[in-house]
Amino acid sequence: MAPVQSLLLAISALFSVCWLIRDNLHLGNIREKYVFVTGCDSGFGNLLAKQLDKRGFNVIAACLTASGMEGLQIDCSARMRTVQLNVTNPDHIQEAVEFVQSEVGDQGLWGLVNNAGRANPIAPTEWLRVEDFTKVLEVNLIGLINVTLHLLPLVKKARGRIVNVSSVMGRISFAGGGYCMSKCGVESFSDVLRRDMQHFGIKVSIIEPGFFKTETTNLEIIEKSLQQLWERLSPQTKEHQGVKYFDNYIRVQRFSMLSLCSSDLNKVTGCMQHALTARYPRARYSAGWDAKLFWIPFSYAPSVIADYLLYLLLPTPAASSMKRKGRNQVDV
């Protein structure tokens with residue numbers, strides 16, 4: 001092997017070892033730290049709240065429902081605190097901030113995990129109305145921003161961490177509706193926030209999960225929403241889509257959710273915990289092998305390649321000009 005190649009290999013190996021050592025350095029005194037997590041009724045937020053509680057953090061879990069709060073109080077230690085929070089309700093946010101302030105006192109808030117979110121309605125763009133977009137954007141993006149801005153003074157006091165849950169769909173948009181748009185917005189907001197807050201010792205991390213089995217990917221909920229959207233379409237739009245389009249679209253959704261979704265939510269909560277406890281948290285975490293090996297690399301592909309692959313996956317409307325030219329591979 002040429003000397004230059006050997007030198008480059010040695011430098012790469014040394015860099016990798018140093019990065020691994022640095023990445024595994026963790027903080028102490030976590031029992032003195034407070035973490036506020038939104039969206040704790042189920043899924044990632046619920047599991048994270050329980051895991052942080054077991055590790056000794058002082059967890060304040062925000063739930064949308066009273067039953068979610070009660071469940072966490074039963075399953076967790078006496079340290080667990082819960083608060084009811086709808087992130088689209090300014091009064092709820094103000095009440096939650098006052099509750100957090102009373103709990104953390106002068107110590108400040110070490111961790112803010114913005115996990116609350118919703119996905120539906122997701123559908124072809126032509127099926128949707130503007131209010132369908134705003135329903136999702138108000139939770140996933142505007143709600144996240146509002147919660148962050150209100151709690152930022154407490155995080156600054158602790159020189160703490162902010163962890164925002166995005167998605168691989170914030171990198172590449174392949175479904176109509178507010179979900180991809182909102183997650184793209186989370187990416188942008190988090191990038192700017194990270195650069196602004198570095199001057200105050202605050203670390204901001206983005207979690208980009210792939211497909212996991214949560215309420216967001218619940219097939220029953222997705223299909224019910226799609227059925228309602230399809231039924232309200234005008235006869236002309238249905239004609240353009242084709243009589244078999246709806247069934248084919250449902251089939252693609254089922255294939256995607258059943259074949260790609262992982263049931264191991266620890267892959268996501270593990271990233272969240274690292275962002276909260278590592279001495280040097282990462283700016284971005286990709287969670288799940290589908291995110292690491294497919295979606296993230298796919299997001300860097302030229303648009304013509306990404307468009308073509310998605311064209312092969314998704315059904316084509318009956319009135320499509322591409323179908324008339326003989327390039328359609330899907331029976332509609």
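In what follows, residues are counted from 1 in the order of the sequence shown. Quick caveat, the model's predicted, so the values are computed rather than measured.
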If I take atom [atom1] from residue [X] and atom [atom2] from residue [Y], how far apart are they, to the nearest 0.5 angstrom?
| X | Y | atom1 | atom2 | value |
| --- | --- | --- | --- | --- |
| Ile60 | Thr38 | CD1 | OG1 | 12.5 Å |
| Ile122 | Gln253 | CD1 | CD | 7.0 Å |
| Ile206 | Asn114 | CD1 | CG | 12.0 Å |
| Arg55 | Ile30 | CZ | CD1 | 5.0 Å |
| Asn146 | Gln94 | CG | CD | 9.5 Å |
| Lys33 | Thr277 | NZ | OG1 | 10.5 Å |

- [ ] Return the orientation label for the Trp127 and Tyr245 ring planes: parallel under 30°, perpendicular over 60°, tilted otherwise.
- [x] perpendicular

- [ ] Name the orientation class of the two ring planes belonging to Tyr308 and Tyr311 (parallel below 30°, tilted from 30 to 60°, perpendicular beyond 60°).
- [x]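 Taking Tyr311 first and then Tyr308, their aromatic rings sit tilted (interplane angle of 30° to 60°).
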
- [ ] Count the heavy atoms of every other residue, nucleotide or ligand shown that sit under 6.0 Å from CD of Glu220, and state whether that count exceeds 12.
- [x] no

Open item on the list: For Lys267, I'd like to know if atom NZ has over 12 heavy atoms of other residues, nucleotides or ligands within 6.0 Å.
Closed with: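 Atom NZ in Lys267 is packed in, count exceeds 12.
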
Are the side chain of [X] and the backbone N or O of [Y] linked by a donor-acceptor pair below 3.5 Å?
| X | Y | value |
| --- | --- | --- |
| Thr88 | Val139 | no |
| Lys292 | Ser286 | yes |
| Ser102 | Phe99 | yes |
| Arg161 | Ala278 | yes |
| Asn164 | Val186 | no |
| Asp247 | Lys244 | no |
| His274 | Gly270 | no |
| Gln84 | Leu64 | yes |
| Trp110 | Leu276 | yes |
| Asp290 | Phe211 | yes |

Flag side-chain contact, heavy atom, 4.5 Å: [X] against [Y]:
| X | Y | answer |
| --- | --- | --- |
| Trp295 | Phe174 | yes |
| Phe298 | Leu309 | yes |
| Met272 | Val165 | yes |
| His92 | Val87 | no |
| Arg159 | Lys203 | no |

Task: Leu144 with Val163, same ILVMFWY side-chain cluster at under 4.5 Å - done: no

Task: Test salt bridge (charged side-chain N to carboxylate O under 4.0 Å, His left out) applied to Glu208 and Arg171, Arg282, Lys183, the passing residue - done: Arg171

Task: Connected hydrophobic set around Val130, excluding itself, where side chains approach under 4.5 Å - done: none

Task: By side chain to side chain contact (heavy atoms under 4.5 Å, CB included) - contacts of Glu239 (at least two apart) - done: none

Open item on the list: Quick one, Leu154 with Leu112, criterion side-chain contact (heavy atoms from CB on, under 4.5 Å). Give me CA distance, side-chain angles, the key distance, then yes/no.
Closed with: CA-CA 10 Å; Leu154 295 178; Leu112 166 59; over 6 Å; no

Open item on the list: Quiz question: by atom type and distance under 3.5 Å, do the side chains of Thr269 and Gln51 form a donor-acceptor pair?
Closed with: yes

- [ ] Mind checking ring-ring contact (aromatic ring centres under 6.0 Å, His included) for His240 and listing every partner two or more places apart, or none if nothing turns up?
- [x]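 Once residues adjacent in sequence are excluded, His240 has no partner under the ring-ring contact (aromatic ring centres under 6.0 Å, His included) criterion.
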
TODO: Could you tell me which residues satisfy ring-ring contact (aromatic ring centres under 6.0 Å, His included) with Tyr280, sequence neighbours excluded, listed by chain and number?
DONE: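 Residues passing ring-ring contact (aromatic ring centres under 6.0 Å, His included) with Tyr280: none at all.
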
Task: Pair Asp191 + Arg194: basic N to acidic O under 4.0 Å - done: yes

Task: side-chain contact (heavy atoms from CB on, under 4.5 Å) assessment of Phe246 paired with Ile250 - done: CA-CA 6 Å; Phe246 178 79; Ile250 291 290; 3.8 Å; yes

Check residues 222-230 and write down every donor-acceptor pair under 3.5 Å in which the side-chain atom is one partner and the other belongs to a residue at least two apart or another chain.
unit_1	atom_1	unit_2	atom_2	d
Glu223	OE1	Arg254	NH2	3.2
Glu223	OE2	Arg254	NE	2.6
Gln227	NE2	Glu231	OE2	2.9

TODO: With sequence neighbours excluded, give me every salt bridge (charged side-chain N to carboxylate O under 4.0 Å, His left out) pair touching residues 69-92.
DONE: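 As it turns out, the salt bridge (charged side-chain N to carboxylate O under 4.0 Å, His left out) pairs with a partner in residues 69-92, which skip direct neighbours, are Lys50-Asp75, Asp53-Arg79, Arg81-Glu103.
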
